[in-house]
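The block underneath contains the structure these notes are about, expressed in structure tokens.
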4 protein chains.
Amino acid sequence: MQFFSDNTAPVHPAIWQALAAADGVDSAYDGDALSQALDARFSELFEREVAVVWSSTGTSANALALALLCPPYGGILAHDEAHIVVDECGAVELATGGARLLTCPGDGAKLNVAELQARIARLGKAVHHTKPFAVSIANATEYGLIYRPDEVAAIGAFCREHGLSLHMDGARFANALVRLNATPADLSWRAGVDALSFGFTKNGAMNAEALILFDPARADEAKRRRKRAGHLLSKGRYIAAQLHAMLEGDLWLVNARTANEAAVPLAQAAGDRLIHPAEANMLFVRFSPAEAAHLRAQGFGFHDAGPGAARLVTSWHHRVEDVAPFAAAIAAL
Amino acid sequence: MQFFSDNTAPVHPAIWQALAAADGVDSAYDGDALSQALDARFSELFEREVAVVWSSTGTSANALALALLCPPYGGILAHDEAHIVVDECGAVELATGGARLLTCPGDGAKLNVAELQARIARLGKAVHHTKPFAVSIANATEYGLIYRPDEVAAIGAFCREHGLSLHMDGARFANALVRLNATPADLSWRAGVDALSFGFTKNGAMNAEALILFDPARADEAKRRRKRAGHLLSKGRYIAAQLHAMLEGDLWLVNARTANEAAVPLAQAAGDRLIHPAEANMLFVRFSPAEAAHLRAQGFGFHDAGPGAARLVTSWHHRVEDVAPFAAAIAAL
Amino acid sequence: MQFFSDNTAPVHPAIWQALAAADGVDSAYDGDALSQALDARFSELFEREVAVVWSSTGTSANALALALLCPPYGGILAHDEAHIVVDECGAVELATGGARLLTCPGDGAKLNVAELQARIARLGKAVHHTKPFAVSIANATEYGLIYRPDEVAAIGAFCREHGLSLHMDGARFANALVRLNATPADLSWRAGVDALSFGFTKNGAMNAEALILFDPARADEAKRRRKRAGHLLSKGRYIAAQLHAMLEGDLWLVNARTANEAAVPLAQAAGDRLIHPAEANMLFVRFSPAEAAHLRAQGFGFHDAGPGAARLVTSWHHRVEDVAPFAAAIAAL
Amino acid sequence: MQFFSDNTAPVHPAIWQALAAADGVDSAYDGDALSQALDARFSELFEREVAVVWSSTGTSANALALALLCPPYGGILAHDEAHIVVDECGAVELATGGARLLTCPGDGAKLNVAELQARIARLGKAVHHTKPFAVSIANATEYGLIYRPDEVAAIGAFCREHGLSLHMDGARFANALVRLNATPADLSWRAGVDALSFGFTKNGAMNAEALILFDPARADEAKRRRKRAGHLLSKGRYIAAQLHAMLEGDLWLVNARTANEAAVPLAQAAGDRLIHPAEANMLFVRFSPAEAAHLRAQGFGFHDAGPGAARLVTSWHHRVEDVAPFAAAIAAL
């Protein structure tokens with residue numbers, strides 16, 4: 001049983017059905033009815049008018065969002081260990097035309113207002129120095145921690161105070177949300193988020209992500225930049241179909257809940273081994289090299305996360321009963 | 001019956017089967033076995049060692065190829081009406097960091113050595129002027145014309161003489177090839193092509209293209225640039241599976257032949273109305289506005305292509321017998 | 001006697017005096033009093049509030065202006081033979097992040113509304129196609145032709161109609177202006193110009209150009225982009241001093257008048273040999289290779305301008321009496 | 001008396017003489033004899049063949065050097081507080097097309113191999129992560145510290161081991177060199193430096209810097225990139241003349257020695273107040289706000305350098321006897 005990543009999970013049956021249902025002759029690019037219906041569908045979900053720009057990867061959604069929110073000569077405040085900082089090969093720099101990532105520390109890859117405040121205080125105001133234009137946070141974070149609505153709102157207030165825009169990398173937005181007693185709106189625009197990279201691929205889709213713009217007036221620019229980046233698929237209906245299927249019957253929440261719940265027995269088994277609190281579907285656990293080898297010898301797959309540490313990720317595809325053997329093996333260490 | 005574009009065709013059943021067969025838990029990105037097998041599979045097809053970089057769109061493959069072949073301060077010779085020039089919203093400029101498209105005229109969007117020669121003769125050699133580094137041709141062209149191997153080889157020789165690299169936009173490479181008594185190698189590297197954007201989406205895939213690098217040493221850079229452009233899909237196995245399926249049993253050739261053959265009765269019916277010779281699966285036909293309206297009223301769909309002209313595109317999904325009514329309607333004008 | 005370029009002329013004595021007067025200990029960058037006084041000085045000249053951004057080259061001023069007026073995914077309408085198109089090695093692409101130059105023909109490198117209209121009519125509106133954001137014209141043009149205020153105003157009106165900004169490359173703005181019964185305001189913002197690259201180097205300065213922004217609110221962005229481009233000189237007072245000296249006593253107009261007048265006897269001698277009307281300080285003249293060689297053998301220096309053509313440029317440094325021998329030699333051909 | 005920056009110093013009399021001597025009619029851009037003689041002149045100085053690319057600012061020289069040494073998808077290792085990191089508004093990102101600055105700590109803005117080693121150890125090798133291509137160090141550093149030849153050589157060896165290029169920002173290369181018993185070659189290419197931004201503006205020139213390429217084969221690309229960045233001045237002879245004058249009679253060393261020596265009495269007066277060792281012409285000194293105000297009230301000008309700290313910079317223009325009153329005032333605190 002693998003716990004490498006939620007990217008390694010298969011495609012959910014409902015997605016297959018939606019893809020098959022979308023098959024046939026239809027308009028190219030995003031001229032099909034499914035693509036055209038996305039703005040309305042997500043506006044309903046977010047309880048306000050939004051514009052949706054689909055793409056096939058979270059990296060493209062993040063980079064596009066930040067290209068909208070920050071000019072080439074500007075800076076983007078983000079965590080030292082954010083995905084956009086360490087795992088996207090400079091996608092932000094390409095999309096923005098060379099904006100600077102201004103990074104901050106924080107436990108569990110979580111930003112906070114005090115660190116943001118300290119970071120901008122170190123930036124001179126003169127033209128010699130990079131002027132910040134945006135903050136980007138990931139919810140859940142790279143370490144599986146969750147920003148609560150009030151935490152996002154505090155960062156949102158900081159942004160408004162300093163004239164910054166706020167982007168949320170929501171590759172695991174669903175995993176964050178199901179953990180909270182909150183709505184999508186509470187965790188995004190009501191807390192000050194301007195653009196949300198809303199991820200579905202890790203959560204059961206094949207290759208579908210939605211950039212949500214809470215200012216729909218930015219959609220034309222976004223769609224031009226998407227085309228320019230090569231992300232306007234010619235058979236876009238097969239992307240849009242996935243997004244509709246994920247929202248249908250709240251599949252996105254069902255899947256995220258499954259993923260998070262699968263992590264619970266692992267977290268309980270790990271106990272004091274946990275490096276960060278277990279909040280979503282990723283656990284960081286202390287295993288000695290011998291322990292890790294022992295577990296792997298039993299057929300459990302997972303990535304190292306630095307010396308003496310491992311990352312365990314559960315997905316919509318893990319059922320609690322499938323996870324039990326791994327939990328038992330951890331408990332038995 | 002629609003003749004808007006080969007992008008409007010559905011996904012071929014063999015692709016659906018391959019996608020289903022690829023489903024399951026597997027390595028993320030391009031770490032899966034299907035992705036890893038592509039170099040060998042395409043090396044066999046091209047009768048030499050090649051590196052394959054998959055992506056989801058032809059625009060991304062073209063832009064990536066040209067970013068490898070031309071520095072930011074260089075120029076790329078291409079046709080005035082090439083797809084990369086008029087239909088990709090500056091994707092080449094984004095990917096290359098601002099290289100210049102140096103355009104040339106030519107009937108049917110086809111470049112020839114005389115025009116290329118004339119174009120570079122107008123470029124000064126000093127640092128003030130853009131220095132050309134590459135030529136990009138599309139085979140088939142935007143107007144459905146085909147470069148024969150000797151025509152490509154003549155451009156290839158021109159490139160070698162002037163120190164230029166040669167890129168082929170092969171969104172319809174299959175449609176070109178099946179029209180000729182030639183191998184993939186003949187129409188690409190043997191004729192001097194350095195990088196080929198080998199298209200499959202228009203030819204029956206869902207969203208799969210292959211950038212073929214005839215210098216495999218460029219693969220590492222290509223893959224870093226792909227990631228940076230947001231084109232490394234996290235569930236890449238569903239792209240790789242499509243490529244394997246297209247090559248299996250020469251489906252790519254079968255489909256292209258079907259598409260080209262479907263164009264034959266339309267071309268015959270069009271007769272003198274043809275603006276360009278009918279060589280692949282696209283026809284440009286003179287219809288008066290009244291004629292176009294008359295055809296549309298009968299349920300035939302197609303795009304205008306300037307005043308008094310229409311573009312008719314056939315695909316793997318058109319059978320000759322399906323096309324007959326449209327041919328008859330054209331003949332009856 | 002040389003007629004290669006107005007760039008080959010020496011530095012005017014008044015500039016030397018101003019540079020010497022500026023010498024001493026002062027604030028770095030543009031913190032000095034001379035730099036700080038430029039906005040007011042040029043606002044007076046232009047009869048409205050403007051912001052001035054100095055730099056050392058016309059290329060940097062042009063590129064900076066266009067980076068302000070056009071986003072990376074946009075297009076800039078310009079003449080096929082404009083300096084920004086053929087002589088700046090892609091500076092616009094670097095500064096804008098890859099915007100596209102959309103070029104138009106026109107006699108003597110002069111744009112007109114009909115050609116602009118035709119050019120944008122060929123651009124599709126969809127996201128696949130480059131959306132124009134600006135027009136750039138050069139006054140005087142690369143062939144020494146002059147746009148009258150009403151000609152600029154017609155282009156300005158076209159720009160307003162289509163939501164475009166208007167840039168003027170005024171490397172030879174002075175040479176254009178002194179030929180007309182018009183004020184700097186008439187030939188710029190009153191005719192719809194948003195940003196003017198106001199050249200002084202060719203007109204007697206050492207290395208000083210002024211980008212004039214008729215919307216001073218853009219100055220902060222412009223100055224950040226200038227710094228980022230490496231164009232904020234650390235001893236900026238030596239640039240600012242030149243600009244003040246050029247305006248003092250209307251030296252810029254005096255010098256331009258001298259340059260233009262020096263061209264008059266050459267134009268008269270050339271007569272029917274003139275390829276374009278003689279309007280400023282550049283003449284394009286038909287000389288056979290033998291004639292050109294004959295003149296060069298007599299010590300007259302000038303550049304070829306294509307087969308059977310030569311470019312003759314006069315500068316502030318040419319006095320009419322110095323030019324007489326060349327005029328006589330041309331007349332004697 | 002001002003100690004704000006060496007940029008606030010006037011232009012040295014020998015520079016004025018050289019500028020006047022260069023006046024007259026000459027070839028534009030870098031076609032003049034002075035520009036053409038630079039390669040030979042600097043090759044002599046560096047005891048090997050080098051190519052010289054002049055420009056007007058240190059920022060442009062640094063950015064150009066790094067654009068040569070690092071592709072857009074690569075990373076550049078530099079100190080957290082390097083000038084290229086904090087004081088150039090993202091010039092490296094613009095010139096490179098969005099390369100990433102990968103920063104390291106180190107006392108006094110000085111890099112060392114251990115920190116470099118630690119930094120690259122944290123970078124993954126996969127395409128997701130930025131691949132380093134170059135290291136950039138400043139000698140002297142932003143805090144006035146000096147790398148000895150063996151320290152540079154250690155970093156050079158690290159670079160060779162890891163396939164990285166080495167750039168030196170030598171805005172104060174002269175100030176570093178005169179402190180050492182070493183030649184320009186010892187402190188640059190013999191220690192592994194590939195490209196040196198050799199500064200002269202702070203050291204008595206008006207606006208002249210030299211990018212020294214120890215691989216002359218890179219000159220063509222460098223000159224195209226310089227043009228594209230708007231840094232090819234049209235009257236380049238006035239830049240080249242300054243460089244020749246600085247080398248004539250070792251003026252560059254004389255001036256740097258003067259600057260460094262002027263710092264000595266200030267360092268002695270500061271004593272324990274020094275935050276970093278006094279090695280070149282910049283001192284960082286602990287002054288309470290009251291002390292700083294007291295000194296300023298006596299007419300001494302200097303910048304703050306964070307809370308309770310000041311930066312004092314001496315230049316070629318400060319004579320030891322001019323500095324004495326400031327030293328006395330500091331001693332009297």
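Note on naming: letters A, B, ... go to the chains in the order of the sequence lines (proteins, then strands), and numbering restarts at 1 for each one.
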Between chain A and each of B:S315, B:G98, B:A229, count heavy-atom pairs under 4.5 Å; write down the option with the most. B:A229
Determine whether a donor-acceptor pair (N or O, by modelled atom type, separation under 3.5 Å) exists between the side chain of B:D23 and the backbone of A:V11. yes
Engaged part of B:L19 at the chain A interface, taking heavy atoms whose separation is under 4.5 Å: both
For chain A, which residues of residues 54-63 of chain B have at least one non-hydrogen atom nearer than 4.5 Å to it? B:S56, B:T57, B:T59, B:S60
Looking only at heavy atoms and a cut-off of under 4.5 Å, which of A:G236, A:G97, A:S27, A:A9 has the most pairs with chain B? A:A9
Quick one: CG on B:L94 to NZ on A:K227, what's the gap to the nearest 0.5 Å? 12.5 Å
Would you name the heavy atoms of A:R228 and B:E93 that are closest together and state the gap between them? NH2-CB, 4.1 Å
Output all residues satisfying side chain to side chain contact (heavy atoms under 4.5 Å, CB included) with A:T8, sequence neighbours left out; order by chain, then residue number. A:Q2, A:F4, A:S5, B:V25, B:A28
Under a 4.5 Å heavy-atom cut-off, does chain A meet the side chain of B:A22, its backbone, both or neither? neither
Parallel, tilted or perpendicular: rings of A:W16 and B:Y238 (30°, 60°): perpendicular
Give, as side chain, backbone, both or neither, the part of A:H317 having an atom under 4.5 angstrom from any heavy atom of chain B. side chain
Once side chain to side chain contact (heavy atoms under 4.5 Å, CB included) is applied, do any residues pair with A:A280, and if so which ones, sequence neighbours excluded? A:A140, A:I146, A:N175, A:N260
Could you tell me which portion of B:R237 (side chain, backbone, both or neither) has an atom closer than 4.5 angstrom to a non-hydrogen atom of chain A? side chain
Taking side chain to side chain contact (heavy atoms under 4.5 Å, CB included) as the test, write out the residues that go with A:Q17, two or more places apart. none
